[in-house]
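Proteins come first, then strands; the chains are lettered A, B, ... in the order of their sequence lines, and each starts at number 1.
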Amino acid sequence: MAGAAPPAPVSAGPASTPPPRAPVAERPWHRFSPAQRLARFAVYLVIVAAIVLSIRAVEVIPEFLYDAPEQMVDLLTRMWPADWGHYREAVHDALIETIHIATLGTLLALILAMPVGILAAHNLVPSTPVNFAAKLILVSSRSVNSLVWALLFVGIFGPGALAGTLAIAFRSIGFVGKLFGEALEEAQQGPIEALAAAGAPWMSRMTFGYWPQVKPAFWSIALFRWDINVRESAVLGLVGAGGIGMVLDSALNLFQWNRVAVVLTAIFAVVIAAEIIVTQVRKRVI
Amino acid sequence: MNPPATASLPADPFRRGPWSRVAAIALVLYVIYACAQLEVSWARVQTGLVNAAHFLDRLIPPNFSRWELLAKGLKESLEIAVLASALGIVLALPIGLTAARNLMPAWASWPARMIIVAARSFHPVIVAILFVKAVGFGALAGILALTLASIGFIGKLFTEAIEEISLKQVEAIRATGASFASVLAYGVLPQVFSRFIGFATYQLDSNLRNSTMVGIVGAGGVGGTLFAAFQRFDYDFVCAILISIITLIMIGEVLATGVRAIFIGNATLRDLFRRGGALPHERYLEDD
């Protein structure tokens with residue numbers, strides 16, 4: 001650009017005291033550098049390509065789509081009137097079992113996730129291989145869906161609520177441990193250094209230095225995960241892991257849509273109730 | 001003699017209140033009661049451990065001999081995830097915008113909020129059951145189920161993000177006499193764009209996880225293959241499928257982190273390889 005600089009404009013008037021400065025070559029302002037724009041463009045390109053390829057490859061039978069509204073109406077007429085009597089016969093007990101699965105699973109996950117979270121926090125355990133191993137446990141717990149965990153535990157313990165509880169617990173370890181470990185890493189070092197300077201042993205540093213700092217985070221993680229687990233435990237029964245999903249599965253297999261309607265209403269009510277409880281508890285306690 | 005100032009301090013600042021003790025006792029009683037209800041016993045755990053040994057023995061080594069079936073399922077899962085995310089994001093944007101109470105009147109925001117709550121309340125697998133009935137077995141049911149889940153999740157977070165924006169910029173644009181569309185484009189969207197990228201990539205991740213599961217109820221993808229292999233006690237094939245699913249999900253997570261680095265961290269393609277795109281995840285987004 002320097003060689004092609006335009007000649008300096010002739011300054012108007014007689015020789016003024018400050019000599020005219022060399023003009024800055026006009027350069028439009030760009031928000032992003034070309035490399036940044038290229039990166040963004042590459043992402044857009046990949047997204048568009050992925051969508052186009054998926055639309056072309058996915059196997060959709062259009063005839064099924066055309067009669068979808070008809071099928072929906074059929075579904076609703078079969079669901080209504082709902083078989084409310086079924087609630088007392090089977091749904092109620094299964095619903096309670098679902099809540100037990102979610103709660104016990106969350107508690108077990110909290111107990112199991114705490115040591116793993118501590119091992120993953122670099123400021124508590126200053127050893128990179130140990131942190132890495134703990135994080136690997138957390139990632140593998142999270143990448144396996146709770147339905148897959150449920151399938152595995154049904155294979156081991158047989159169908160029933162025990163498999164569901166363990167599935168919920170193992171799926172939650174990764175979530176709770178990751179957030180708990182991050183909360184520990186963000187703790188202020190001041191109180192901990194003060195405790196260490198006073199000669200406090202490890203346990204005292206944990207209970208009086210870290211725990212008061214991470215306590216709000218811990219309880220809010222626990223509540224949040226419980227809310228998620230209530231939703232998840234409702235489907236575990238589809239693979240035989242106990243709870244209301246098993247009632248749903250048997251009603252579906254027998255095409256008893258009026259019973260399915262009852263089960264869905266019950267799940268909806270429980271999920272909304274759990275959300276209200278979590279919001280209220282969070283507002284009052286945390 | 002102690003100085004009098006210490007007398008005003010509580011004896012032990014870490015002493016727990018009476019309620020926490022009551023809560024702890026209640027919790028222990030609940031655990032005992034619930035374990036009795038679920039018939040959890042030591043004997044069951046013991047027989048389970050013996051079964052687990054057998055089970056693991058048959059799980060390993062993984063059997064990749066039917067890789068064509070596996071690849072077909074994974075491809076379909078991937079297609080379901082991509083299309084459901086695209087459709088879900090496109091639909092969630094107007095709904096989320098309408099639900100924001102600081103921009104819209106109450107008569108518009110309440111229906112939109114109801115849609116979001118309804119879309120969020122059921123697990124995608126349950127929604128998939130209903131769509132299988134409506135549009136038949138296959139990938140379409142999975143796409144529709146995950147689209148609904150995406151509308152619920154992105155709609156909720158997008159609404160919250162818009163409700164937290166600073167209204168000063170909106171007012172400034174409005175004061176110039178800009179139309180509503182311009183207010184959105186220049187006053188609202190730039191403030192929520194980076195958070196939106198966070199939700200969108202997270203949702204793609206979550207749809208990828210769930211698209212491998214909706215097959216259990218016949219809505220397409222590798223889940224159907226997995227469930228069939230389980231029911232046939234074909235555990236070495238199950239292991240192969242699980243390894244592939246976990247690999248796919250981890251690749252998806254790496255890609256999502258890359259996209260976040262490019263759009264939120266203004267990284268270039270070269271930066272991604274240099275520093276591995278280390279960006280913090282958005283907190284509390286994980287709820288698949």
Side-chain angles (χ1 to χ4, degrees), chain A residues 32-33 35-36 38-40 42-43 47 50-51 54-55 57-61 64-65 68 71-72 75 96-97 100-101 103-104 107 139-140 142-145 147-148 151 155-158 160-162 165 175 179 207-208 212 224 228 231-232 234-235 238-239 242 248 252 264 267-268 271-272, chain B residues 14 27 30-31 34-35 37-40 44-45 48 51-52 55 75-76 78-80 82-83 86 117 121-123 125-126 129-130 133-136 138-140 143 209-210 212-213 216-217 226-227 230 235 238 242 245-246 249-250 259 262-263 266-270 272 283-284 286-288:
Chain A
F32 300 115
S33 71
Q36 283 171 342
L38 180 74
R40 280 162 191 252
V43 173
I47 291 173
I51 292 174
S54 301
I55 289 176
V58 79
E59 284 161 25
V60 170
I61 304 165
F64 279 6
L65 194 55
Q71 290 287 339
M72 267 322 217
L75 181 67
I96 299 294
E97 192 176 66
H100 285 326
I101 291 173
T103 314
L104 279 183
L107 288 174
V139 168
S140 40
R142 279 187 301 133
S143 350
V144 178
N145 196 296
L147 277 168
V148 176
L151 280 172
I156 293 173
F157 291 105
L162 178 61
T165 310
F175 177 89
L179 293 177
T207 39
F208 300 119
F224 189 63
I228 297 169
R231 277 163 219 255
E232 298 222 320
V235 293
L238 292 174
V239 295
L248 180 65
L252 280 170
L264 292 184
I267 294 176
F268 185 75
V271 166
I272 299 287
Chain B
F14 292 97
L27 203 63
Y30 168 76
V31 169
C35 283
Q37 289 284 303
L38 300 188
E39 292 164 358
V40 177
R44 266 191 86 181
V45 174
N51 282 346
F55 185 71
K75 192 170 142 268
E76 197 172 42
L78 210 59
E79 288 158 10
I80 292 174
V82 167
L83 290 178
V117 168
S121 55
F122 288 113
H123 194 280
V125 173
I126 293 184
I129 294 173
L130 298 181
K133 162 69 180 150
V135 298
L140 184 61
I143 294 172
R209 285 159 205 256
N210 281 324
T212 59
M213 283 303 112
I216 287 181
V217 295
L226 176 70
F227 198 42
F230 237 103
Y235 288 138
V238 166
L242 287 183
I245 290 179
I246 293 174
I249 288 169
M250 287 194 172
V259 171
I262 288 173
F263 280 94
N266 283 332
T268 62
L269 288 177
R270 195 190 285 174
L272 288 187
R283 271 281 173 92
Y284 286 117
E286 331 241 332
D287 79 352
D288 47 292

Heavy-atom distance under 4.5 Å to chain B: side chain of [X], backbone, both or neither?
X: F268(A); answer: both
X: L248(A); answer: side chain
X: I96(A); answer: neither
X: L238(A); answer: both

Handout entry: Smallest separation among heavy atoms of M72(A) and A134(B), with atom names
Key =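 Smallest heavy-atom distance, with atoms named: SD-CB, 3.6 Å.
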
Practice task
Please determine, among V271(A), I267(A), L75(A), the option with the most heavy-atom pairs under 4.5 Å with chain B.
Solution key: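 Option with the greatest count: L75(A).
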
Practice task
Under 4.5 Å, counting heavy-atom pairs only, tell me which of V58(A), L151(A), I101(A) racks up the most with chain B.
Solution key: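 It is L151(A).
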
Practice task
Between chain A and each of I126(B), I249(B), V238(B), count heavy-atom pairs under 4.5 Å; write down the option with the most.
Solution key: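 Highest number of heavy-atom pairs under 4.5 Å: I126(B).
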
Handout entry: Closest-packed option against chain A by number of heavy-atom pairs under 4.5 Å, given I143(B), N51(B), V82(B)
Key =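 Top count of heavy-atom pairs under 4.5 Å with chain A: V82(B).
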
Handout entry: Contacts of Y30(B) that satisfy ring-ring contact (aromatic ring centres under 6.0 Å, His included) - sequence neighbours left out
Key =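 ring-ring contact (aromatic ring centres under 6.0 Å, His included) check on Y30(B) returns H100(A).
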
Handout entry: Contacts of type ring-ring contact (aromatic ring centres under 6.0 Å, His included), residue Y235(B), not counting sequence neighbours
Key =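 Y235(B) satisfies ring-ring contact (aromatic ring centres under 6.0 Å, His included) with F55(B), F230(B) only.
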
Exercise for the section: Could you check if a side-chain atom of L264(A) sits within less than 4.5 angstrom of a side-chain atom of L130(B), using non-hydrogen atoms only? Expected result: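 Side-chain contact under 4.5 Å: yes.
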
Practice task
For the residue pair I262(B) and R40(A), establish whether any side-chain heavy-atom pair is separated by less than 4.5 Å.
Solution key: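 Yes. Closest side-chain heavy atoms under 4.5 Å.
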
Exercise for the section: Supply the atom-to-atom distance T212(B) OG1 to E76(B) CD, rounded to the nearest 0.5 angstrom. Expected result: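 That separation rounds to 12.5 Å.
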
Exercise for the section: Check whether V217(B) gets within reach of chain A through its side chain, its backbone, both or neither, counting any heavy atom under 4.5 Å. Expected result: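 It is the side chain, since no backbone atom gets that close.
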
